[in-house]
Number of protein chains: 2
Amino acid sequence: MLTNMPELSLGDDAAADADAVNALRSAVMRLSRRLKHQRVDESLSPTEMSVLGTLARCGHATPGELARKEHVQPPSMTRIVAMLEAKGLVRLEPHPDDRRQKVVTQTEQAEAMLEESRRKRNAWLSELASGLDEDEWAALRTAAPVLEKLAQL
Amino acid sequence: MLTNMPELSLGDDAAADADAVNALRSAVMRLSRRLKHQRVDESLSPTEMSVLGTLARCGHATPGELARKEHVQPPSMTRIVAMLEAKGLVRLEPHPDDRRQKVVTQTEQAEAMLEESRRKRNAWLSELASGLDEDEWAALRTAAPVLEKLAQL
DNA sequence: AGAGGGTAATGAGTTATGCTAACGAACATG
DNA sequence: CATGTTCGTTAGCATAACTCATTACCCTCT
């Protein structure tokens with residue numbers, strides 16, 4: 001079964017890693033389904049939220065860049081950006097060097113909404129916290145940046 | 001922006017937790033989108049895969065139980081189970097004690113498919129491994145069971 | 001300069017996958 | 001045995017992604 005021996009020192013732990021990925025995949029899928037319902041703003045889809053988060057980190061980006069980062073096809077991103085613009089959460093400006101492209105930036109309104117969103121998430125977090133002990137939380141804090149890296153890889 | 005003040009007492013932990021949850025949410029959403037594309041069997045949706053995984057762990061379950069575990073409404077589970085049955089991956093039997101309910105069990109074919117799926121995931125895992133160091137993998141291994149617990153909470 | 005190939009964003013139409021509402025059959029309780 | 005409850009299902013609908021095709025623009029090569 002485990003004939004695939006990577007260069008990296010996975011070694012004996014290959015089976016354990018496979019199990020971990022298995023658990024990870026299942027948990028991520030189910031968690032994402034729950035997060036969908038837990039959305040802080042009813043009028044914003046999860047991907048729209050994610051785009052705003054990306055913009056908050058990057059400052060600005062073109063629709064194409066956003067599509068690649070969110071692993072969505074360009075037409076979908078067009079729609080998403082249009083929605084966000086209609087809601088006054090992002091601004092579209094012409095690209096300085098390339099007139100084919102556009103530059104998407106978040107508005108002050110979006111920033112305020114993200115702040116509000118963070119507050120609401122804290123409430124949800126507190127509720128969940130009752131079911132986890134300190135070690136488990138520590139594990140999540142440590143893993144969070146790794147998961148982000150994984151999502152980008 | 002980055003208000004990282006390590007030694008500040010109470011509020012700081014809360015802020016760290018909020019950041020972690022923030023990162024977690026974003027990463028989970030994007031990862032789930034990637035996993036959708038990474039499906040090992042083209043003809044199976046992510047939720048269908050997840051149901052098979054649950055069945056592999058539990059042995060058997062009623063549609064209602066499955067719906068609760070997957071955080072899906074009963075009608076959705078009806079459709080998913082019907083799909084799986086049509087593909088010969090599960091078997092539906094009458095409940096021994098309650099004739100309203102049904103018992104869903106996985107077939108040998110499903111078991112073989114899951115094994116195949118595990119092999120393919122190992123390949124994906126190896127590819128991803130090149131982007132993570134040993135510490136990061138350790139973090140994921142530790143967090144995987146916690147994420148599973150979180151998904152169930 | 002102009003032609004041709006490549007890339008960005010978008011428009012239209014389709015598909016996938018979840019939901020709610022309403023229903024019939026089987027149980028449980030007075 | 002009458003009544004309310006639970007389980008699975010059917011029907012209809014909403015959302016959000018996708019693919020394919022189109023338009024506008026950039027860039028290189030002759």
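Here is how names work: the chains are called A, B, and so on, in the same order as the sequence lines, proteins then strands, and each is numbered from 1.
- In this model, the phosphate group of D/dC18 is approached by a side-chain N or O of A/Ser76 to a distance below 4.0 Å at OP1 or OP2.
- Between A/Leu44 and B/Pro63, the one whose closest nucleotide on DNA chain D sits nearer the 5' end is B/Pro63.
- Straight-line distance from the CG atom of B/Leu66 to the P atom of D/dC7: 13 Å, rounded to whole Å.
- In this entry the distance linking CE of A/Met83 with P of C/dG11 reads 12 Å, nearest Å.
- Comparing C/dA26, D/dC26, C/dC19 by their closest approach to the side chain of B/Val72 singles out C/dC19.
- Checked against B/Thr54 for a side chain to side chain donor-acceptor pair (under 3.5 Å), the options B/Glu70, B/Gln106, B/Lys69 give a single hit: B/Glu70.
- Proximity of A/Gln73 to the phosphate of D/dT19: a side-chain N or O atom is located under 4.0 Å from OP1 or OP2.
- Rounded to whole Å, atom P of D/dT9 lies 12 Å from atom CD1 of B/Ile80.
- Rounded to whole Å, the distance from CZ on B/Arg68 to P on D/dG8 is 8 Å.
- For B/Gln101, the listed nucleotide lying nearest its side chain is D/dG8; candidates were C/dA9, D/dC26, D/dG8.
- One interatomic measurement links the two molecules: CG of B/Asp98 to P of C/dA28, which rounds to 7 Å at whole-angstrom precision.
- One interatomic measurement links the two molecules: CZ of B/Arg100 to C1' of C/dC23, which rounds to 15 Å at whole-angstrom precision.
- A/Thr142 contributes a side-chain N or O that, together with a main-chain N or O of A/Ala138, makes up a donor-acceptor pair within less than 3.5 Å.
- Taking atom CE of residue A/Met77 and atom P of nucleotide D/dA16, one finds them 13 Å apart after rounding to whole Å.
- We find that NE2 of A/His71 is positioned 11 Å from P of D/dC18, with the value rounded to whole Å.
- Taking 4.0 angstrom as the limit, B/Thr78 places none of its side-chain polar atoms (N or O) nearer than this to OP1 or OP2 of D/dT10.
- Using a cut-off of 4.0 Å between Lys/Arg side-chain N and Asp/Glu carboxylate O, B/Lys149 and A/Glu136 are scored as salt-bridged.
- Open room surrounds CZ on A/Arg79; 12 or fewer heavy atoms of other groups in view lie less than 6.0 Å from it.
- Among the atoms of the strands shown, base atoms are found under 4.0 Å from some heavy atom of B/Arg79.
- A donor-acceptor distance shorter than 3.5 angstrom exists from the side chain of A/Thr107 to the backbone of A/Gly88, with no hydrogens or angles considered.
- A/Pro75 comes within contact range of at least one nucleobase, with a heavy-atom separation under 4.0 Å.
- Within the nucleic acid shown, A/Val81 has no heavy atom closer than 4.0 Å to any nucleic acid atom.
- Residue-to-nucleotide proximity on DNA chain D shows that, of A/Pro46 and A/Asp97, the 5′-proximal contact is made by A/Pro46.
- Under 4.0 angstrom from either OP1 or OP2 of C/dG18 there lies at least one side-chain N or O belonging to B/Thr47.
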